[in-house]
Amino acid sequence: MAVIKDIDESQAPLLDHLIELRARLVRCVLALAIAFGICLYFADPILGFLIQPLKNSFADGEGQLIFTKLYEVFFVELKVALFAGFCLSFPIIANQLWAFVAPGLYAKEKKAFLPFLLATPILFTMGAALAYYIVMPTAFRWFLGFEGTAGGLEIQALPTANEYLGLVMQFILAFGMSFLLPVLLLLLHRAGIVTRDQLVSARRYVIVAVVALAAIITPPDPGSQLLLAIPLLLLFEGSLFLMRLTEKRRKADVEKPEEPQSAS
């Protein structure tokens, strides 16, 4: 009987954590559902905003989006609302995750982890903005350059709404997630998994990996691949610089002499 009592007592805290986790997950789902409903109401303006890079790539008065299935545009608007709703509700979701994890961290760990949590949406937004305002217009103009004639027949671009939205989401997610590279590297460095010297010695391999990654997650045009690879390499070098500052600060803290205690 005593053994069973000990097991019950050890399970109680776990049950409390599971109840709290369920409550916070419910809040996350509610936040996502409310944001989805709001974005679904404004699905047409949001879709119009996402269409602008393609519209500006066509000549004035030309260009169109078509749909080949009767239900295609309906599902496109659902995807737009879900995508925009997640972006809108992300601060609430991140806050709930942080509120669940933070009580188990020491004060020093909270101070170390909080800047990375704040930097994540900022870096993702920077990557998404680069994709929307620079990369997508450049890539779309390059794609539309293949219009013309061949064998006496006209070759005309008639993108479908679903394919275009998938391409736009691929651009935004690829650039947004790739811009989180400094957060990942600095977290690994702070956890002691990698060191700055290891990353410096592996720089040539990192360059090859970044170029290969850019070729895989971006459409097959050299312009968009370079526009992703170059910022990633700059972010990698910036991460190395921040690691150097961190290591210098740690070294200074270790070598700092202790202040003599005053006699009482």
Side-chain angles (χ1 to χ4, degrees), residues 53 83 86-88 90-91 93-95 97-98 101-102 105-139 142 167-256:
F83 181 70
F86 177 77
C87 295
L88 183 63
F90 178 79
I93 295 174
N95 178 265
L97 294 177
W98 171 254
V101 175
L105 301 176
Y106 293 105
K108 183 182 294 185
E109 293 173 336
K110 291 180 182 179
K111 292 180 181 178
F113 186 74
L114 190 58
F116 297 106
L117 183 65
L118 297 176
T120 297
I122 296 175
L123 290 173
F124 184 90
T125 303
M126 289 173 58
L130 176 65
Y132 180 85
Y133 291 105
I134 298 178
V135 179
M136 285 196 289
T138 303
W142 187 79
L167 186 61
V168 168
M169 293 176 64
Q170 179 183 350
F171 268 115
I172 292 177
L173 290 176
F175 278 77
M177 297 300 293
S178 299
F179 267 55
L180 300 181
L181 176 65
V183 174
L184 175 62
L185 292 179
L186 291 173
L187 280 175
L188 293 176
H189 177 258
R190 184 174 291 275
I193 299 176
V194 297
T195 63
R196 182 180 179 276
D197 293 336
Q198 290 175 337
L199 293 175
V200 170
S201 62
R203 181 182 276 119
R204 66 183 68 180
Y205 303 106
V206 172
I207 294 174
V208 174
V210 165
V211 173
L213 178 65
I216 292 173
I217 65 178
T218 59
D221 68 288
S224 59
Q225 293 172 8
L226 288 175
L227 288 173
L228 177 59
I230 292 175
L232 282 181
L233 293 175
L234 293 177
L235 290 172
F236 173 74
E237 296 296 333
S239 301
L240 294 180
F241 177 73
L242 292 177
M243 290 179 188
R244 184 178 181 182
L245 295 179
T246 302
E247 290 178 354
K248 283 185 176 180
R249 188 180 300 112
R250 288 179 182 175
K251 186 177 180 180
D253 292 339
V254 171
E255 296 178 352
K256 184 178 179 181

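Since the model is a prediction, treat every value here as computed from it, not as a measurement.
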So the salt bridge (charged side-chain N to carboxylate O under 4.0 Å, His left out) pairs with at least one residue in residues 196-205 (sequence neighbours excluded) are Arg203-Glu237
Note, Phe124 side chain near Leu173 side chain (heavy atom, < 4.5 Å):
yes
From CG (Leu184) to OG (Ser178), nearest 0.5 Å:
11.5 Å
If you draw a 6.0 Å radius around CE in Met177, do more than 12 non-hydrogen atoms from other residues or ligands fall strictly inside?
no
Does some side-chain heavy atom of Pro53 sit less than 4.5 Å from a side-chain heavy atom of Phe171?
no
Side-chain heavy-atom pair His189, Leu199 within 4.5 angstrom cut-off
no
Nearest heavy-atom pair of Ser239 and Leu186: which atoms, and what distance?
O-CD2, 3.9 Å
Looking at Leu240, Leu187, Leu242, Leu235, which one forms a side chain to side chain contact (heavy atoms under 4.5 Å, CB included) with Pro182?
Leu235
Smallest heavy-atom separation, Phe179 atom then Pro231 atom, equals CZ-CB, 3.7 Å
Counting only heavy atoms not in Phe86, do more than 12 fall under 6.0 Å of its CZ?
no
At their closest point, which heavy atom of Pro121 faces which heavy atom of Phe90, and how far apart are they?
CB-CE2, 4.1 Å
Nearest heavy-atom pair of Ala229 and Val210: which atoms, and what distance?
O-CG1, 3.7 Å
For residues Leu228 and Ala214, report the shortest heavy-atom separation together with the two atoms involved.
CD2-CA, 3.8 Å
Gap separating the CG atom of Leu180 from the CZ atom of Phe175, nearest 0.5 angstrom
13.5 Å
In Å, rounded to the nearest 0.5 Å, how long is the span from OG1 of Thr138 to CG of Leu226?
11.0 Å
Mind checking the CZ-CG spacing from Arg190 to Leu185? Nearest 0.5 Å is all I need.
13.5 Å
Where Leu130 and Leu227 come nearest, the two heavy atoms and their spacing:
CD2-O, 3.8 Å
Is any side-chain heavy atom of Phe236 closer than 4.5 Å to a side-chain heavy atom of Ile207?
no
Working to the nearest 0.5 angstrom, can you tell me the gap between Met136 CE and Ile172 CD1?
5.0 Å
